[in-house]
Amino acid sequence: RGLTAVAGLPIRHAGKLIGVLALASHTEKDIPPTTRDAIETIAAQMGSALARIKSQTELQRSKQNFTELFDSLNDFLFVLDSKAHIVYANPVVTRRLGYESAALSGMTLADLYAENHRQAVNAAFGLVVTGKYRPIEQPILSISGEAFGVEMVFSPGYWDGQQVWFGIGRDISARQAAAAAEQEHR
């Protein structure tokens, strides 16, 4: 009510209309040319700014989904560099094995295995890196020395722009125990 001037300026990004900057005045009948130029510049900049905000929001949502996926898996999940250094481990690793995240980041995958299995783990990972895929089926050790039968499979990927290997380890202790029990009954 009582408006003497109304204007709508398109807000565009990449040639598409994404919004309208609406202006109104109770006192002015016309927008002065210098004010109009400034407002048109602002509207033009708003398109890029709104697109950036939308992109950042989508990226944050994607990162949150990714984190929730990693954190909700019941399997051991490792991100390893080409020399099998642990770059990241999901909460299952810290919870089941008892290591703090900071301690894991300085370790190699082989460090999580008994001394007598480390050479085999390193050799198997070496084959994985050269493209000769082979799962690792060795017992992994918790910080307290408890052994878990784990089958570890790998897939190449990128993490923070660096080529890495994603290792997914499934606890196969129950399967191994069932096989041992069946063998015992024979």
Side-chain angles (χ1 to χ4, degrees), residues 13 48-186:
H13 180 72
S48 294
L50 290 172
R52 261 192 317 279
I53 291 167
K54 181 180 179 190
S55 178
Q56 288 172 345
T57 301
E58 289 172 356
L59 178 61
Q60 187 61 35
R61 187 177 310 124
S62 177
K63 286 171 87 174
Q64 183 65 32
N65 289 341
F66 189 63
T67 299
E68 287 181 21
L69 171 66
F70 269 26
D71 292 354
S72 68
L73 293 173
N74 289 324
D75 295 330
F76 298 97
L77 180 83
F78 296 93
V79 178
L80 307 165
D81 69 12
S82 63
K83 297 191 185 309
H85 290 101
I86 299 169
V87 176
Y88 171 85
N90 72 340
V92 170
V93 173
T94 57
R95 186 174 58 250
R96 297 277 311 274
L97 300 184
Y99 290 95
E100 295 292 324
S101 295
L104 285 168
S105 68
M107 299 172 72
T108 66
L109 183 64
D111 292 335
L112 300 176
Y113 290 85
E115 191 73 43
N116 60 330
H117 294 291
R118 289 181 183 168
Q119 187 175 1
V121 169
N122 281 330
F125 188 76
L127 289 173
V128 167
V129 170
T130 60
K132 299 173 184 162
Y133 177 76
R134 186 176 120 193
I136 296 174
E137 256 190 61
Q138 299 289 341
I140 200 165
L141 296 177
S142 72
I143 198 166
S144 66
E146 181 183 1
F148 296 94
V150 172
E151 178 183 62
M152 186 81 65
V153 296
F154 300 92
S155 179
Y158 287 88
W159 186 269
D160 286 336
Q162 302 296 316
Q163 185 174 10
V164 295
W165 295 91
F166 296 103
I168 300 173
R170 175 150 295 154
D171 184 342
I172 57 171
S173 300
R175 183 174 79 192
Q176 289 174 331
E182 184 180 313
Q183 190 71 276
E184 203 174 280
H185 283 84
R186 287 184 181 192

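All residue numbers in this chain count up from 1 along the given sequence.
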Is the backbone of E58 close enough, under 3.5 Å, to the side chain of S62 for a donor and an acceptor to pair up by distance?
-> no
Heavy-atom closest pair, residues M152 and G167 = SD-C, 3.8 Å
Polar contact flag, side-chain donor to acceptor under 3.5 angstrom, D111-T108 | yes
Check whether any side-chain heavy atom of P139 lies under 4.5 Å from a side-chain heavy atom of H117, and answer yes or no.
-> yes
Looking at V92, V93, T94, which hits side chain to side chain contact (heavy atoms under 4.5 Å, CB included) with R96?
-> V92
Are more than 12 heavy atoms from other residues, nucleotides or ligands located less than 6.0 Å from atom CG of N74?
-> no
Output for pair (S101 OG, N90 CG), nearest 0.5 Å, gives 9.5 Å
P156 and Q163 have their tightest heavy-atom pair at CB-NE2, 4.4 Å
Specify the closest pair of heavy atoms between I172 and V150, including all atoms of both residues, with the distance to one decimal.
-> CG1-N, 3.8 Å
Within 6.0 Å of CZ in R170, more than 12 heavy atoms from elsewhere | no
May I ask you to test the L104-L112 pair for a side-chain heavy-atom distance under 4.5 Å?
-> yes
Enter the distance from N65:CG to Q60:CD here, rounded to the nearest 0.5 Å.
-> 10.0 Å
For Y113 and L109, work out which heavy atoms get closest and say how close.
-> CD1-O, 3.3 Å
Nearest-0.5 Å distance, CD1 of residue I168 to CZ of residue F78 = 11.0 Å
Heavy-atom donor-acceptor pair, D171 side chain to S173 backbone, under 3.5 Å | yes
Given side chain to side chain contact (heavy atoms under 4.5 Å, CB included), test L80 with F154 step by step and report yes or no.
-> CA-CA 10 Å; L80 307 165; F154 300 92; 3.7 Å; yes
Does the side chain to side chain contact (heavy atoms under 4.5 Å, CB included) test come out yes or no for V164 and Y158, once each step is laid out?
-> CA-CA 5 Å; V164 295; Y158 287 88; 5.6 Å; no
Can you name the closest pair of heavy atoms from A110 and N122 and give their distance?
-> CB-OD1, 3.3 Å
Closest approach of P135 to V153 (non-hydrogen atoms, all atoms of both residues) = CB-CG1, 4.0 Å
To the nearest 0.5 Å, how far apart are NZ in K132 and OG1 in T130?
-> 5.0 Å
Assess whether side chain to side chain contact (heavy atoms under 4.5 Å, CB included) is satisfied between S142 and L97, documenting all intermediate values.
-> CA-CA 4 Å; S142 72; L97 300 184; 4.3 Å; yes
Calculate, to the nearest 0.5 Å, the distance between atoms CH2 and CG belonging to W165 and D81 respectively.
-> 12.0 Å
Over 12 non-hydrogen atoms of neighbours within 6.0 angstrom of CD in E100 | no
